[in-house]
Amino acid sequence: MMEIMVNGLTEEEISLSKKFYPADCVDRAMIDFSGVCVIKMNESKNYYHIRMTDKSVAREFCNYALSLAKMKRVI
Amino acid sequence: MADEITISVNPKIYTLDCIYSAAYILMEKAYFILDGDPEKEVIVKIIPKDAEQIGQQSGLKADDIEKLFFEEMLNYKHYHMNLEKNKEITRLIIEKALFTANPAIIEDAKQIEIKEIVEEIKKESRLEGHSGSEEMNEKIKQIKQDDKA
């Protein structure tokens, strides 16, 4: 998790490992959070890099993606 | 903002299911970010939520959440071990409950089993090169008689 300055505004970038957060869970979380704050997503080999305008929303996003991943494993 | 802590978990001791479940239980108290290697070392970053966020006067410290997290993992480990131990018994109980609800299932299962045995005998006799079908017919008759008895 790190703060980035973009056009004078701070953005929060979170990096989620592809090994723990399946693609469909991250996609689902992105769709559900798309109305909450602006999201940009980049993808590297092992991580999803997600940028959000608010720090606490970014953290809530992590928890939401984790809960989706957990549910997917259980079911 | 509250302090944060990073812990390392051995996935050979605590399975990924335990880690996910423990994090899920404590989600209302802290934020969790998983990283590392699911086969060698799982790194869990714990960021406690502020007191306002959890609607209390004082929020928990990262150390306290770490302890709770390990407690929950142990709890789930125990649960999964028992689940695995009692898997066969649970399966038998469910099967019996289903058969009691609909006894016709037993008859169907029996018929399928007989068919399978007959097919197996036919295959075996073909492989062994028996030309006489009398022996085979006797075996089939015997199975059917046993079933009736």
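These numbers were taken from a predicted model, which means no experiment stands behind them. We name chains A, B, ... by the order of the sequence lines, and we start the count at 1 in each one. Below, all heavy atoms of this structure are taken into account, side chains as well, without hydrogens, waters or symmetry copies.
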Handout entry: Heavy atoms of other groups near Lys67(B) NZ, more than 12 under 6.0 Å
Key = no
Problem - Under 4.5 Å from a heavy atom of chain A, the part of Tyr24(B) involved - result: side chain
Handout entry: Other residues, nucleotides, ligands: >12 heavy atoms within 6.0 Å of Tyr79(B) OH
Key = no
Exercise for the section: Consider only side-chain heavy atoms of I, L, V, M, F, W and Y, link residues closer than 4.5 Å, and tell whether Tyr64(A) and Tyr48(A) are in one cluster. Expected result: yes
Exercise for the section: Check whether more than 12 heavy atoms from other residues, nucleotides or ligands sit under 6.0 Å from atom CD of Glu43(A), and answer yes or no. Expected result: yes
Exercise for the section: Answer whether the closest heavy-atom distance between the side chains of Tyr20(B) and Leu66(A) falls below 4.5 Å. Expected result: yes
Fill in the blank from the handout: Shortest non-hydrogen pair, Ser67(A) vs Met27(B), comes out as N-CE, 3.6 Å
Practice task
May I ask whether Ile13(B) and Phe69(B) are part of the same hydrophobic cluster, defined by side-chain heavy atoms of I, L, V, M, F, W, Y residues being less than 4.5 angstrom apart, directly or through others?
Solution key: yes
Practice task
Output the distance between atom CD1 (Ile47(B)) and atom SG (Cys62(A)), rounded to the nearest 0.5 Å.
Solution key: 7.0 Å
Handout entry: Phe20(A) backbone acceptor or donor facing Asp35(B) side chain under 3.5 Å
Key = no
Problem - Inter-residue atom distance Glu4(B).CD - Arg59(A).CZ, 0.5 Å rounding - result: 6.5 Å
Problem - His49(A) atom NE2, over 12 foreign heavy atoms within 6.0 Å - result: yes
Handout entry: Spacing of CG belonging to Asp37(B) relative to OG belonging to Ser17(A), to within rounding of 0.5 Å
Key = 8.5 Å
Exercise for the section: Indicate yes or no: at least one non-hydrogen side-chain atom of Leu34(B) is less than 4.5 angstrom from one of Tyr21(A). Expected result: yes
Handout entry: ILVMFWY cluster, Ile43(B) and Leu26(B) together (side-chain gap under 4.5 Å)
Key = no
Handout entry: Value rounded to 0.5 Å, distance of NZ in Lys19(A) from CD in Glu39(B)
Key = 8.5 Å
